[in-house]
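Inspection log for the structure reproduced underneath, given as structure tokens.
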Amino acid sequence: MRLLLTADTHVPRRARHLPAELLERIDEADVVLHAGDWVDSATLDLLEARSSRLLAVYGNNDGPELRARLPEVARAELGGLRFGVIHETGQAKGREPRCAERFPDLDVLVFGHSHIPWDTTAPGGLRLLNPGSPTDRRRQPYRTYMTVDVAEGRLSDIRLHRL
């Protein structure tokens, strides 16, 4: 199963549209996970239409319309692993133990908010993944998103893609 991870798209504030490469990869993915800060409903509509399956949450920049359509935390079993998606996890310092305590029932937590790519493992084995942002690099050298393969309860081929 091929997953595409993205977050912090911020359309149309940070970019007028999603990058073409990201849209092509969305078409190829079995599941798209979006960790919030859509900003507009049109981007959600687009991903719902293009994705085979979408697992998504709202972020701190998402207004009432998006919050009415999306949860704060989303969960699904994918390829034998228990995934969660959330926008914010708090400051980087202490993130791993804090998330492991909050989400003891997950194997993988996808998050956003910082626009900083992140890939670590918390005590107890919770994998934390932040794909960065495909539209707003902030202090990072590149705009980014991730792809991940998952099968039989294992992650493989985790790739951070630079835009």
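Both backbone and side-chain heavy atoms feed into the values below; hydrogens, waters and symmetry mates do not.
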- Task: Begin from the C-alpha positions of Val31 and Ser52 and carry the test side chain to side chain contact (heavy atoms under 4.5 Å, CB included) through to its verdict.
- Result: CA-CA 6 Å; Val31 183; Ser52 296; over 6 Å; no

- Task: Could you please spell out the steps behind the side chain to side chain contact (heavy atoms under 4.5 Å, CB included) verdict for Tyr58 and Arg67?
- Result: CA-CA 6 Å; Tyr58 66 78; Arg67 289 171 185 248; 3.2 Å; yes

- Message: Tell me every residue that passes salt bridge (charged side-chain N to carboxylate O under 4.0 Å, His left out) with Arg75, counting only those two or more places apart in sequence or in another chain.
- Response: Asp105

- Item | ring pair (Phe, Tyr, Trp, His ring centres under 6.0 Å) contacts in which one or both residues fall within residues 23-48, not counting sequence neighbours | His34-Trp38

- Task: Could you pull out all residues at least two apart from Arg159 that satisfy salt bridge (charged side-chain N to carboxylate O under 4.0 Å, His left out)?
- Result: Asp157

- Query: Going by atom types only, do Asp40 and Thr43 share a side-chain donor-acceptor pair under 3.5 Å?
  - Reply: yes

- N-O pairing of Arg2 and Asp30 below 4.0 Å: no

- Message: For the backbone of Leu81 and the side chain of Asp107, can you confirm whether one donor and one acceptor N or O come within less than 3.5 Å of each other?
- Response: no

- Note on the structure: Distance col, row Leu129:CG vs Ile158:CD1, nearest 0.5 angstrom, shows 5.5 Å

- Side chains of Asp37 and His87: donor-acceptor distance under 3.5 Å anywhere? yes

- Query: Between the side chain of His113 and the main-chain N/O of Gly59, is any donor-acceptor distance below 3.5 Å?
  - Reply: no

- With no hydrogens and no angle check, do the side chains of Ser133 and His10 hold a donor and an acceptor under 3.5 Å apart? no

